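One structure is given here, and the rest of the page talks about it.
No experiment lies behind these values; they were computed from the predicted model shown. Numbering of ligands and ligand atoms starts at 1, following listing order.
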Amino acid sequence: MTRGTRRTSWAEPFKIKVVEPIRMTTREQRLDALDEAGWNTFLLKSEDVYIDLLTDSGTSAMSANQWAGMMLGDEAYAGSENFYNLCESVEKVYGFPYLVPTHQGRAAEHMISQILISDGDFIPGNMYFTTTRLHQELAGGTFVDVIIDEAHDPAGEHPFKANVDLNKLEDLIDRVGADRIPYFCLATTVNMAGGQPISMENIRDLHTLCQKHGIPVYLDKTRIAEGAYFIQQREPGYADKSVAEIVLEICSFMEGAWMSSKKDHLVNIGGYLALRDAEVFEQARNMVVIYEGLHTYGGMAGRDMEALARGIHESVEDDHIAARVGQVVYLGEKIAAEGIPIIQPVGGHAVFLDAGAFLSHLDQEEFPAQKLAAEIFLEAGVRSMERGIVSAGRNKETGENIRVGLELVRLTIPRRVYTQAHMDVTAETIWEVWDRRDSITGFEMVHEPQYLRFFQARFKPKD
Ligand code: PM9
């Protein structure tokens, strides 16, 4: 971004070539839609949504270059040219020599969990993610959160809330022994903590400690570019490094990584496992043919792999990532300006409303974040997502709801999709709900699926 003395505004480094109409509905239509959807924003029909901030996953706008690549799809069953282009992009941008493609991130999580985890193992990490933890549990492991305490404080301004508390990790190693810890599960931006980053210093120290105990560090690489951008902006010594250089440095500490390409990589579908260990690679390459497809497409069409190979390079361009995070911060600051509680500092992919504070008159078991997401939709057709007690699920031993410290609503910004005016309408919608917050009542859950309940649970308003 070039900044003159008078010019402090920035603009996206692209112009718009194709548009997709969206429509506003009436309050009555939205009420009917919510009722039909069991008051769960995941169960709404997209045609009823005005501004869709449910997720940044698979919702990006592709570039002209990516669309051009789609026409070069080599749809051979085996050995597609696009697979080799994908391998080349991953090796160049992240430095991993081995790649196993998957249709999206959780398929890669499934494979790495099955390969590395044995029954009774413990997997430490910097806060859980829903699908990641489930795959670790299904493989017989128990996730242990060793993130710093500051991550659980919504208002705290710590610049690297995703940092690992090395004392907590050492305590775990002392308690269960390093041989019960197959790997450390690291995230460079922690989704459930509000899209918060980790510092390079902490990554380096974590790597040193893990190396001492023979524990490999594996990375959930989803949204790594946003994490690298925060390091560039906030960590001493990184201001002059490019996001691409920082990304490569982060990966240099990792034994392997899985990726949901539906986020950073600006594609609508895709993912992979990227590895250094030839033996783990051989096992994953063998496993992928059972669940995904041949090891040279892993559930993606050739054209998808080509769009992905190109999106990987675009994802680490400094101007792109500055505009992407800039838009998120713009929305966050506009909402917070009215005194509305959000997670601070604003994260990389989303603004997280502190629903526990927003609806402080509700008990957590009345699902304040779930209700707030529904109220925001009712107000103006803006779709968001619960990230609190519903997402956290139940304790696998006691069966109790896990009363997580963070009860949040996530307003997630798709990449290159919405304008600043959409952000303004969204902020104004939140202001309106804030003004009538005292009259909002809670929910009871009337249908609860066994796995990842937040996707399909149904609710009933208490009023
Ligand atoms: N994240 C999200 O909206 C997709 C829906 S799950 C609520 O944030 C991380 C950090 C993710 C993630 C998906 C996955 C799984 C792994 N790690 O959705 O399977 O944020 O591609 O990736 C979602 P897939």
Side-chain angles (χ1 to χ4, degrees), residues 40-43 46 52-60 100-113 123 125-136 138 143 145 147 151 162 185-198 218-227 250 256-274 291-292 298-300 304 308 311 328 343 347-352 369-370 373 383-393 404 406 408-415 417 449 451-457:
N40 183 346
T41 52
F42 270 104
L43 300 178
S46 150
D52 202 346
L53 307 184
L54 182 72
T55 177
D56 62 332
S57 183
T59 53
S60 295
V100 181
T102 59
H103 77 283
Q104 63 182 86
R106 68 198 74 179
E109 289 174 337
H110 170 224
M111 290 195 296
I112 199 71
S113 303
I123 304 93
N126 51 346
M127 203 172 267
Y128 84 101
F129 184 71
T130 52
T131 56
T132 321
R133 185 183 63 188
L134 179 58
H135 282 298
Q136 290 164 348
L138 291 172
F143 176 80
D145 189 2
I147 202 165
C185 173
L186 188 72
T188 31
T189 48
V190 174
N191 197 350
M192 305 304 281
Q196 301 295 319
I198 180 170
Y218 277 78
L219 182 67
D220 181 344
K221 200 153 68 61
T222 307
R223 306 188 183 92
I224 187 175
E226 291 158 14
I250 293 171
W258 60 91
M259 183 76 181
S260 170
S261 293
K262 299 173 71 175
K263 284 82 168 173
D264 262 7
H265 290 158
L266 303 157
V267 288
N268 307 119
I269 195 75
Y272 56 79
L273 257 183
Y291 297 107
E292 293 285 284
M300 279 183 283
D304 297 328
L308 173 50
V328 179
I343 293 243
H349 66 303
V351 176
F352 288 73
Q370 191 76 41
R383 172 154 68 170
S384 57
M385 180 200 290
E386 189 267 6
R387 294 275 75 162
I389 193 168
V390 182
S391 294
V404 272
L406 296 174
L408 309 172
V409 166
R410 191 182 75 174
L411 298 156
T412 336
I413 318 299
R415 294 164 186 80
V417 170
Y451 299 116
L452 302 174
R453 62 183 185 176
F454 59 93
F455 282 130
Q456 292 151 342

Protein contact of [atom] - nearest heavy atom, named by residue and atom, plus distance:
| atom | answer |
| --- | --- |
| atom 15 (C) of ligand 1 | Thr131 OG1, 3.5 Å |
| atom 21 (O) of ligand 1 | Ser260 OG, 2.6 Å |
| atom 14 (C) of ligand 1 | Phe129 CE2, 3.5 Å |
| atom 13 (C) of ligand 1 | Lys263 NZ, 2.7 Å |
| atom 10 (C) of ligand 1 | Asp220 OD2, 3.3 Å |
| atom 2 (C) of ligand 1 | Arg410 NH2, 3.4 Å |

Is the closest side-chain heavy-atom distance between [X] and [Y] below 4.5 Å?
| X | Y | answer |
| --- | --- | --- |
| Glu226 | Asp264 | yes |
| Thr189 | His349 | no |
| Ile112 | Leu273 | yes |
| Ser384 | Arg410 | no |
| Tyr272 | His265 | yes |

Atom indices of ligand 1 within 4.0 angstrom of [X] heavy atoms, with elements:
| X | answer |
| --- | --- |
| Thr55 | 2 (C), 3 (O) |
| Gly105 | 19 (O), 21 (O), 22 (O), 24 (P) |
| Phe454 | 7 (C) |
| Ser57 | 4 (C) |
| Lys262 | 21 (O) |

Shortest non-hydrogen contact from Phe42 toward Phe454:
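Closest pair (atom of Phe42, atom of Phe454, distance): CD1-O, 3.5 Å.
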
Taking all atoms of both residues into account, what is the closest heavy-atom pair of Met300 and Gly270, and its distance?
SD-CA, 3.5 Å

Indicate, as side chain, backbone, both or neither, the part of Trp258 found under 4.0 angstrom from ligand 1 when only non-hydrogen atoms are considered.
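Neither part.
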
Determine whether any heavy atom of [X] lies closer than 4.0 Å to an atom of ligand 1.
| X | value |
| --- | --- |
| Phe455 | yes |
| Met385 | yes |
| Arg387 | yes |

Using only heavy-atom distances, determine whether the side chains of Arg387 and Asn191 contain a donor-acceptor pair under 3.5 Å.
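Note: Arg387 and Asn191 side chains miss the donor-acceptor criterion.
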
Could you walk me through whether Asp52 and Arg383 satisfy the salt bridge (charged side-chain N to carboxylate O under 4.0 Å, His left out) test, starting with their C-alpha distance in whole Å, then the side-chain angles of each, then the deciding distance to 0.1 Å, before giving a yes or no?
CA-CA 5 Å; Asp52 202 346; Arg383 172 154 68 170; 2.8 Å; yes

From the options Glu109, Gln104, Arg106, select the one whose nearest heavy atom is closest to atom 16 (C) of ligand 1.
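The residue whose heavy atom sits nearest atom 16 (C) of ligand 1 is Glu109.
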
Quick one: is the NZ or CZ of Arg133 closer than 6.0 Å to the six-membered ring centre of Tyr128, and within 45° of its axis?
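The answer is yes; both the distance and angle limits are met.
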
